[in-house]
Each structure stands twice: as structure tokens, then as C-alpha cells.
Colleague: 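If you scroll down you'll find the structure; I have some questions about it.
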Amino acid sequence: MRKDDTANLGAANRTFLVLLALTFVTFFAGESHVEGVLLSGMVLGVALLKGHLLGEHFMGLARVRGVWRWIVVIWLFFPAMLIGTTFVLAAR
Amino acid sequence: MAQAFTKAMARNIFYGGSVFFFLLFLALTFDSMGQLPMRDNRAALSSDLGPTIAHGKMLWEENNCIGCHTLLGEGAYFAPELGNVYTRYGNSTEAIKVFIKSRPVQGVENRRSMPQFNFNEEELEALAQFLKYVSEINSAKWPPNVQG
Amino acid sequence: MSNTLTIEGVRQPPGDFAIWIFIMAELLVFAIFFAAYAMTRMSHVELFNEFQLQLNRRAALANTLVLITSSYFVVRAVSAISGGKARSCLRWLLAAMGMGGLFICIKSAEFAHHFALGVNLSTNLFYMFYLSLTFFHFMHVILGLVILGAVAYKTRQGHYSAMNHTGVETAAAYWHMVDLVWLILFPLVYVMR
Amino acid sequence: MKYQSQAVAKPYFVAAIVLFVAQITFGLIIGLQYVIGDFLFPEIPFNVARMVHTNTLIVWLLFGFMGAAYYLVPEESETELHSPWLAKLMFWVFLVAAGLTVAGYLLVPYSGLAKLTGNSLLPTMGREFLEQPTITKLGIVVVALAFLFNIGMTVLKGRKTVVNLVLLLGLVGLAVFFLFSFYNPTNVVLDKYFWWWTVHLWVEGVWELILGSILAFVLIKVTGVDREVIEKWLYVIIAMTLITGIIGTGHHFYWIGTPEYWQWLGSIFSALEPIPFFMMAVFAFNMVNKRRRNHPNRVATLWALGTAVMAFLGAGVWGFLHTLAPVNYYTHGTQITAAHGHMAFFGAYVMINLTMISYAMPLLRGRTLANSSRQQTLETWAFWLMTISIVLITLFLTGAGILQTYMQRVSVTPQPFMAVQEQISLFYWLREYTGLVFLLGLTLYIASFFVGRKDPEPAVAN
């Protein structure tokens with residue numbers, strides 16, 4: 001039990017740092033002169049990655065077996081598809 | 001240790017969620033009340049015609065017009081929409097009055113017909129002004145066309 | 001890394017399962033909101049881009065960092081209580097709440113700025129979405145803080161232990177959900193154009 | 001029946017059924033007026049008959065809810081009712097008020113009734129569903145307060161169960177939101193905005209708490225499933241109801257002069273309103289499948305399952321059909337609304353009342369568990385006839401509504417309302433014929449109280 005927690009904490013620590021770093025990526029992408037599908041695509045991808053990491057290591061879904069593990073992934077997928085599609089269509 | 005799903009938590013979610021969404025609803029209502037002056041044609045109510053319109057609304061209610069007609073889409077679906085009847089009748093309060101006055105007492109054979117309410121001139125004017133006031137409420141471009 | 005540890009994984013996500021039903025409902029609402037935003041933007045690209053550029057991205061950056069940190073603190077709180085360290089758990093929870101409070105302050109300043117300019121839900125479609133999405137999320141932060149506060153109080157009272165701390169996990173799950181939503185909201189409303 | 005005072009529920013149920021008959025009768029009258037416009041004109045014009053149709057519905061549902069509460073609360077609280085005589089007194093007060101009001105509708109022109117009852121002192125009449133004279137509304141408040149006092153005291157002194165508390169909460173909400181019916185400003189937008197606080201927050205809010213708790217009670221009784229399980233579901237379902245339903249009020253704020261953001265908020269939240277109804281259907285079937293006993297009152301179980309399914313179809317599916325603002329722009333105030341209204345009211349509130357009556361009435365009339373097989377067979381026929389008719393009525397009205405929407409609103413050459421009505425009269429005829437089948441079902445339902453009442457109860461099969 002203890003060992004389990006320590007290991008998870010390690011994952012959480014790493015996740016925390018990655019999330020902070022990715023946040024800056026998103027921010028600076030927004031400040032740069034990149035626009036349109038390139039910007040949207042990249043930022044959306046980063047957001048999905050962040051959401052997934054948060055679900056896995058903060059919410060603790062990484063340890064869950066069975067359907068419930070995929071709650072966050074499924075949730076991220078559908079709006080992301082729609083958002084992605086509309087941004088591509090809008091850019092044309 | 002693994003309590004899957006407890007009644008206490010379900011209860012907390014019920015109370016918490018209800019209060020949360022009711023507060024949100026109150027906040028939105030507060031905002032709506034702030035926006036209404038721009039949309040609900042209240043200028044007409046405080047104009048010289050205000051008392052006439054108020055009288056018209058009273059007549060509208062005391063003759064249960066909503067029992068057959070819709071007003072802005074709400075009411076019974078037996079007779080035409082009246083929220084835009086003023087525009088449908090060519091922006092004319094006279095036409096509305098003529099229609100109400102001309103209803104046959106015994107109805108029309110086999111057809112739906114509006115009752116004859118025997119309104120006097122003042123009452124007719126009040127009703128027509130009320131309907132004109134409603135037609136000038138900003139209803140987000142509803143109904144889709146003049147037919148209501 | 002932790003292959004050996006995850007073999008005996010659990011069947012259900014941490015916390016009381018009832019909260020997950022609530023979380024799914026909330027996520028569904030937000031997903032529909034996001035989709036509505038994206039679909040509406042399609043026919044008003046110029047309008048959305050124009051007003052999006054007037055938002056304060058620095059404040060949003062700060063808020064994202066604050067929420068992520070807060071979420072991390074909650075992870076530490078759960079870890080502490082599952083090691084039986086109630087005092088440490090309480091400290092982490094209070095730190096997380098402090099971060100939540102900071103989010104509220106920054107966001108309130110942003111709202112105050114907009115309201116001072118006379119912006120409201122009826123100003124235009126972009127602000128309608130911006131305000132309702134962020135305000136709806138804002139209310140969730142407040143609700144999350146109330147939940148964390150209740151759990152912190154119970155931790156202080158000694159209600160939780162290494163063997164029994166479902167309450168802390170439940171609150172944590174909700175708080176992470178609030179964070180998760182913001183992680184999508186931030187790029188969508190502030191950055192993507 | 002475990003407690004003497006539960007017997008006060010009986011007159012409430014009887015009055016409910018009598019008013020149900022009146023409601024259906026007037027439903028048939030207005031249905032016929034849709035196709036034969038001068039039927040009973042000018043003696044009973046459409047607006048009067050419709051008012052009787054909707055008002056008797058509301059009043060009989062309230063009678064049913066009160067009866068259900070008087071039956072259920074003592075049993076759940078495990079104590080006698082606080083004051084049976086107050087319950088009996090209020091029954092007569094309510095019945096006389098309702099009877100006088102309906103008589104007033106039918107015997108005096110509506111404007112005369114308004115003068116007679118002094119509507120000008122506090123004008124509240126003439127708004128859909130709230131047509132009752134102000135004095136009747138005050139009477140309803142008095143009855144509701146006395147009722148709440150009685151039920152509240154009983155709950156306070158006895159065992160507090162979730163079923164009890166949720167029911168009480170629903171009834172308090174019912175009384176509180178009724179108070180908005182007294183607010184009637186000249187400003188039409190304000191009038192409509194807060195009118196919905198009564199109407200929507202009743203039928204898509206607090207009434208669903210009442211519905212949920214009655215359904216939970218009956219399911220506990222007929223399935224024997226552990227109370228803990230059922231109460232947990234009850235909480236989750238009503239939580240979802242209020243989470244979606246409160247902001248869902250916004251689906252009424254699209255076109256009445258309210259800010260346009262309601263088109264978004266109303267669409268988003270009311271699109272989720274089917275979820276609690278879906279959960280309720282899953283819940284009901286789950287509980288029946290997990291039953292620990294085969295209750296001899298099979299028809300009560302059938303009603304309970306029917307409620308869950310029909311509420312989902314009527315309120316959930318048919319509501320969703322026209323709740324999104326871009327769709328509602330074209331369907332608002334057409335026969336689509338009428339279709340939804342019929343199935344939702346029948347599926348959710350008529351059927352929950354009939355469920356409760358089906359469970360409780362045999363016990364109130366001296367049976368130990370259930371009616372005789374002959375009675376139950378008859379009632380089962382009534383169930384299917386009424387349910388199938390309402391499904392068909394809904395389908396016919398939906399057909400009429402789709403045509404109406406197209407011809408009057410969507411087509412490039414929109415036609416006037418009355419011209420369209422004549423072209424879709426076939427659907428109104430079909431609806432009227434189906435209404436007769438419904439009446440047949442109702443007749444069998446009433447017959448089931450009398451035919452075979454001397455027969456023995458069916459054997460308990462376990």
C-alpha cells in the first residue's frame with residue numbers, strides 16, 4: 001500500500017511539472033504570430049494531452065481497470081473532434 | 001473499504017446540486033431583469049397609452065382569450081397567434097377592432113368562430129392597443145413569418 | 001514504471017461512485033457548451049477572433065497555473081491521508097483551497113474589468129459564450145471550494161484515516177474535474193483562433 | 001393498510017377519479033370542436049371547455065398527490081396521521097372549491113365570473129392553467145398550507161425516511177412556486193417570465209420529486225427490494241432532475257422578449273432533461289427484475305413500469321424533440337407542443353397517480369394485498385387501452401404539428417393559420433376517435449372497481 005502511494009506520487013510529481021510546462025507552451029503559442037489551423041491544432045492537441053495526464057495521474061484513473069478508466073478519454077474525444085472539425089472548416 | 005456508492009453522497013449531491021443550480025438560475029434571472037427594459041417595450045406602458053394598454057390586458061385576461069389563441073406562442077392552439085396580429089393586419093388597430101366587432105353571435109355553421117363579446121368602443125381600443133404593444137416586444141424574430 | 005503496482009488495479013475510480021455520476025453529468029454539460037461554442041464560432045469567425053484578442057491571456061495563464069497547482073496539492077492531500085497523516089492532509093487541503101481562492105480573485109478581477117466596460121451576456125455572441133462558460137466554471141470553483149472546505153473541516157475533526165478516507169478522494173475527484181474543464185476552456189476560449 | 005388514519009386517502013382518490021372522468025369528457029368535447037367548429041357553440045365555447053379540461057386535470061392530480069401523501073406518509077413514518085379530521089375537512093373544502101369553480105366556468109361567462117369574484121381587486125385570472133378565480137387560488141393556498149402542516153407534523157413525529165422527506169420537499173416546493181401565480185404585472189414579458197416559475201418549476205421540477213418518491217414507495221412495496229438501494233436511486237434521479245430542469249426553464253424563454261442567451265442555456269440544459277427520465281426507466285425495470293417477492297398486485301407493478309417508460313417517452317423524448325431553440329423557432333406553439341403535453345402529463349403524472357391508486361385502493365377497500373384476478377385483468381386492459389390511445393393521440397398530434405409547422409412556418413409560401421387547420425383536420429379526426437378508445441379504457445378502469453369485487457384475492461405465488 002505504502003509503496004503504491006509513493007510510486008503514484010512520483011507520477012503525480014512528474015505530471016504536475018509537465019502540466020505547468022505545457023501550459024506555458026499553450027500561452028506562448030497564443031502570443032506568437034502563428035494563427036489559424038496550425039495554432040488551433042497544436043493548442044488543442046496540448047489541451048487533450050493535459051486533460052489525459054490529469055485524468056490518469058491526478059484523478060487516479062491510471063489504476064482503474066475496466067470501462068471507468070476511459071471516462072476522461074471518452075469525454076475529451078467527442079468535444080475535441082467537434083472543436084477540431086469546426087476550426088478546420090472555419091479556417092477554409 | 002471500497003464503498004461503491006453511498007446514500008449519504010447521493011443525498012449531498014442532490015442538495016448541493018439543486019442549491020447550486022437554483023442560485024445560478026437566480027443569477028441569470030437577475031441579469032435578465034436588467035436586460036428586459038431594452039426588449040420588453042415598457043416604454044409603451046409608461047406612455048400616455050399606458051392605462052389603455054393595462055385595460056386591454058385586463059380585458060384579454062377576463063375574457064380568457066388565451067383559452068383559444070396563443071400570445072407569443074403560449075396558450076391554446078385552437079385559434080391564430082395574436083402576438084403579431086397587429087403586423088399581420090397591416091399595422092392597423094382599426095382592422096383588429098373591425099374583426100372583433102364583426103363576429104356572428106351564433107357562430108358559423110360547422111366552422112370555428114370567435115364569440116361575439118359585445119365590447120364597446122373604448123374596450124375595443126384598449127384590446128387593440130394591448131395587441132399593438134405586444135407586437136412591439138422584441139421576441140427574437142419570432143414568429144418566423146407574418147402568419148404566426 | 002509502475003507495472004507491478006497496477007496489476008491489482010481497482011474496478012472503480014477513487015471516491016464515492018455517486019460523485020462520478022455527478023461528474024459525468026457536469027462534463028456532459030460542459031462538452032455540449034464547448035461544442036456549441038465551436039459550432040457558433042464557425043459562422044462568426046471574425047467576431048470571435050476580434051473579441052477573443054481583447055481577453056487577458058496573462059490572467060488566464062496565471063489561473064491555469066493556479067488551478068493545476070491546486071489540483072496537485074489535492075493529490076498530495078489524498079496521498080497524505082492514505083499514509084495516515086491527517087495533519088499533513090489538512091495542510092495540503094488548505095493550500096489547495098488557498099490556490100482556489102487565488103483563482104477566484106484573479107477571475108473576479110477579469111469579470112470586474114469586463115463589467116466596468118459595460119460588457120454583459122447580451123453584448124454579443126462571443127461575450128455571451130465567454131461570460132456564461134467562465135461564469136459557470138467560476139461557480140463550480142466556488143462549489144469545489146465549499147466541498148474542499150467541508151472535507152478539510154472533517155479532516156481536522158479526525159474523521160479520516162489511512163483505512164477510511166473516501167470523503168477526501170470524493171472531494172479530490174470533483175476538484176480535479178473542475179481543473180480538467182478549465183484545461184480545455186483556457187485554450188478554447190482564450191487562445192484558439 | 002397498517003394505520004387507521006391512512007383511510008383518509010380514500011375520498012381523495014375517489015374525487016381524483018371522478019374529476020379524471022370530467023377531464024376526459026371535456027377533452028372529447030374540445031377534440032370534436034377542433035373538427036366541428038360550432039359544436040356546442042355558443043353555449044360552451046372552446047376556451048371554456050379547454051379550461052375545464054386542463055383545470056380538472058390539475059386539480060385531480062393534486063387530489064391524487066394529496067391522497068398519495070396521506071396514504072404513504074403514515075406508513076413511512078410508522079405513526080398515525082397528525083390530524084385525520086383536518087385532512088377530511090380539507091378534502092371537502094378543496095372539493096367544494098373545485099366544484100364551484102368548474103360550475104362557475106360552465107354556468108357564467110368567464111368575464112362575469114371575473115366580476116363576480118372581484119378579479120379587479122387582485123387580478124390573477126385569464127392566464128393559461130391559472131384561470132381559477134383569485135378566491136379559488138387563495139383557497140388552494142389554504143388547503144395546501146393545512147395539508148403541509150398535517151403531513152409535516154406527521155413526518156416530524158415519526159420515522160424520517162428518504163421517501164418521506166423527498167415527498168415533503170416536493171410538496172413544499174409545489175406550494176411555494178404556486179405563489180408566483182399571484183404575481184401578474186401589466187408587463188407581458190415579466191408576466192410570462194414568472195408564470196413559468198409556477199408552471200415549469202412545477203411540472204419539470206418539484207412535481208418530479210413527488211413522482212419519484214411515490215414511485216419509490218410503490219416499488220419498495222411491490223418488489224421487496226432493499227430500501228437502501230431504492231432510496232439511493234431516488235436521490236440520484238431527483239438530483240439529475242433539478243440539475244437539468246432548473247436552468248432548463250430557459251427553454252420557455254426563447255421567444256417571449258427575454259434575452260437571447262436563453263436560447264443557448266435553455267437548449268443545453270433542457271437537452272439533458274431526458275437523462276433523469278431515462279434513469280428512472282432503467283431504475284424501475286432493474287428493481288422489478290431484482291424483486292424479492294412476487295406481489296399479488298401485478299397490475300400495480302405494471303402501472304409503475306408504465307409510468308417510468310411513458311414518462312421517459314412523453315417528457316423525455318417528445319420534450320427533446322422540440323426543445324432545441326433552432327427547432328423550437330418553428331414548432332413553438334404548434335400541435336407539436338400539444339403532442340408533448342399530452343404524453344408527458346399522462347406518462348408522468350396521470351400514471352403515477354394511477355400507480356398509487358392501483359396499489360393503495362385495494363387495501364383501502366379492505367383487501368389484504370390485492371384485488372381479485374378478474375379486477376386485475378380488467379384493470380390491465382384499461383392500462384393498455386389508455387396507454388396505447390395516448391401514444392396514438394401523441395403520434396396524430398405530432399403528425400398534425402409537423403404539417404402545421406411546414407405549411408404555416410417553413411414553406412416558401414406560408415399559409416394562414418385557419419387554412420392550415422382545415423388541411424390537417426384528418427389528424428384531428430383520428431385523434432378524436434382514439435380519444436373514444438381512451439374513454440373505453442377509462443370505463444373499464446372504473447368497472448374494475450366494481451366487477452369481481454366479491455371474488456377472492458389471487459393466491460400469493462412466491
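Every value quoted in this text rests on a predicted model; they were computed, and no experiment measured them. Per chain, numbering begins at 1; letters A, B, ... match sequence-line order.
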Colleague: What pair of heavy atoms forms the shortest contact from A/V64 to C/P14, and how long is it?
Modeller: CG2-CD, 4.3 Å

Colleague: Heavy-atom pairs under 4.5 Å with chain A: which of C/M42, C/R76, C/R58, C/M24 has the most?
Modeller: C/M42

Colleague: Can you list the steps and then say if C/N124 with C/M128 is a side-chain contact (heavy atoms from CB on, under 4.5 Å)?
Modeller: CA-CA 6 Å; C/N124 63 39; C/M128 196 289 284; over 6 Å; no

Colleague: Heavy-atom distances under 4.5 Å only: say whether C/A172 touches chain A with side chain, backbone, both or neither.
Modeller: neither

Colleague: Nearest 0.5 Å, what's the CD1-CG distance between C/I68 and A/L19?
Modeller: 4.5 Å

Colleague: Looking at C/I23, C/L61, C/L188, C/T64, which makes the most heavy-atom pairs under 4.5 Å with chain A?
Modeller: C/L61

Colleague: Under 4.5 Å heavy-atom distance to chain A, tell me which part of C/L28 shows up: side chain, backbone, both or neither.
Modeller: backbone

Colleague: Between C/W182, C/F138, C/W175, which is the residue that forms a ring pair (Phe, Tyr, Trp, His ring centres under 6.0 Å) with C/F103?
Modeller: C/W182

Colleague: Can you confirm if the aromatic rings of C/Y130 and C/H114 lie within a centre distance of less than 6.0 Å?
Modeller: yes

Colleague: Which atoms of A/V46 are under 4.5 Å from chain C, going by heavy atoms: the side chain, the backbone, both sets, or neither?
Modeller: neither

Colleague: Using non-hydrogen atoms only, which part of A/I71 is less than 4.5 Å away from chain C: side chain, backbone, both, or neither?
Modeller: side chain

Colleague: Compute the ring centroids of C/H140 and C/F30, then answer whether they are less than 6.0 Å apart.
Modeller: yes

Colleague: Just say parallel, tilted or perpendicular for the rings of C/F33 and C/F129, cut-offs at 30° and 60°.
Modeller: perpendicular

Colleague: Taking atom CE of C/M39 and atom OG1 of A/T85, what is their separation to the nearest 0.5 Å?
Modeller: 10.5 Å

Colleague: Heavy atom to heavy atom, less than 4.5 Å: which residues from residues 74-81 of chain A reach chain C?
Modeller: A/W75, A/L76, A/P79

Colleague: Give, as side chain, backbone, both or neither, the part of A/I83 having an atom under 4.5 angstrom from any heavy atom of chain C.
Modeller: both

Colleague: Heavy-atom pairs under 4.5 Å with chain C: which of A/V43, A/T15, A/V37, A/L22 has the most?
Modeller: A/V43

Colleague: Parallel, tilted or perpendicular, judged at 30° and 60°: which one describes the rings of A/F16 and C/Y72?
Modeller: parallel

Colleague: What part of A/V88 gets closer than 4.5 Å to chain C, counting heavy atoms only: side chain, backbone, both or neither?
Modeller: neither

Colleague: Under 4.5 Å from any heavy atom of chain A, what part of C/F186 do you find: side chain, backbone, both or neither?
Modeller: side chain

Colleague: Using non-hydrogen atoms only, which part of C/T69 is less than 4.5 Å away from chain A: side chain, backbone, both, or neither?
Modeller: both

Colleague: Checking heavy atoms, do the side chain of C/M177, its backbone, both or neither come under 4.5 Å from chain A?
Modeller: both

Colleague: Going by atom types alone, do A/K50 and A/T23 pair a side-chain donor with an acceptor below 3.5 Å?
Modeller: yes

Colleague: Measure from the ring center of A/F27 to the ring center of C/Y190 and say whether it is less than 6.0 Å.
Modeller: no

Colleague: Side chain, backbone, both or neither: which part of C/W20 has an atom under 4.5 Å from a heavy atom of chain A?
Modeller: side chain

Colleague: Between atom CD of C/E26 and atom CD1 of C/I21, what is the distance when rounded to the nearest 0.5 Å?
Modeller: 13.0 Å

Colleague: Among A/L82, A/V72, A/T26, single out the residue with the greatest number of heavy-atom pairs under 4.5 Å to chain C.
Modeller: A/T26

